[in-house]
Amino acid sequence: MYKKPVIVFEGIEGSGKTLHSRFLSNYFKKKKIKFIKFREPGGCSSSEKIRKLILDNKSNFHKITDLFLYFASRNENLEKIIKNNYGKKLILIDRFFDSTIAYQHYGMGIDLKLINSLSSYFIKKINVDLTFLNLVNMTNLRMRLAKRKKLNRYDKFKLSFYRNVQNGYIKLYKKNKRRYRVIDSNLSISINKQKIIREVEKLLR
Ligand code: TMP
């Protein structure tokens with residue numbers, strides 16, 4: 001029997017987070033390991049509606065409004081996906097509460113105490129077992145963003161914003177190294193894929 005951990009992929013735009021999480025879900029399918037995968041913001045259908053609202057280029061919400069929308073989206077996933085599957089199936093998430101700390105606190109300057117108290121109210125007993133923190137340098141970030149055909153509202157900040165967000169992630173990692181594995185997305189995809197598999201196999205053993 002496999003363990004049923006919660007695995008999260010985090011990182012700024014262009015950090016390879018979505019590519020790596022997609023790769024891991026294909027690996028689980030090949031190995032016939034049952035899992036649930038979703039992204040944040042988004043996930044269940046009501047949460048996807050909130051995602052559209054937040055990321056729409058025509059939206060112009062205040063940063064605190066965004067904060068509550070991210071939590072609204074997360075609450076839908078907690079109630080409709082996580083609660084029913086936690087401990088029963090492996091859960092793979094493309095972004096979770098670390099994104100809120102990195103973007104809304106380190107990126108936008110919202111009070112960390114407010115974010116942490118909302119997180120502890122909503123998330124309660126859900127424990128994340130492993131977080132892959134995907135890092136990218138600013139040159140690759142600029143190139144990868146330039147290649148995107150469609151940019152949403154959160155793809156258009158200045159590079160300094162993404163640098164602050166990424167430095168925020170690194171601070172989180174330094175405070176709790178046991179939960180994080182750093183993936184250097186400036187390296188080749190095959191090296192990173194091997195590292196991800198190695199770490200996940202260790203976790204499932
Ligand atoms: P995505 O591009 O990975 O789908 O994420 C959409 C954007 O949402 C990304 O720029 C990060 C942002 N975001 C936050 O600012 N706070 C959050 O809590 C989450 C989950 C995402």
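For ligands, and for the atoms within them, numbers begin at 1 and follow the listed sequence.
Here the closest non-hydrogen pair linking Ile12 and Tyr162 is CG2-O, 3.8 Å. A pairwise comparison of heavy atoms in Tyr86 and Lys125 identifies OH-O, 3.5 Å as the closest pair.
For ligand 1, the protein residues placed under 4.0 Å by at least one non-hydrogen atom are Glu13, Lys17, Glu40, Pro41, Arg51, Leu55, Tyr70, Arg74, Arg95, Ser99, Thr100, Tyr103, Gln104, Tyr154.
At least one cation-pi condition fails for Lys171 and Tyr169: the charged atom is not both under 6.0 angstrom from the six-membered ring centre and inside a 45 degree cone around its axis.
Glu48 and Arg39 are joined by a salt bridge, as a carboxylate oxygen and a charged side-chain nitrogen come within less than 4.0 angstrom of each other.
Note on ring orientation: taking the six-membered ring where Trp is involved, the planes of Phe71 and Phe122 are parallel (angle under 30°, cut-offs 30° and 60°). Relative orientation of the Tyr154 and Tyr70 rings is perpendicular, given thresholds of 30° and 60° on the angle between their planes.
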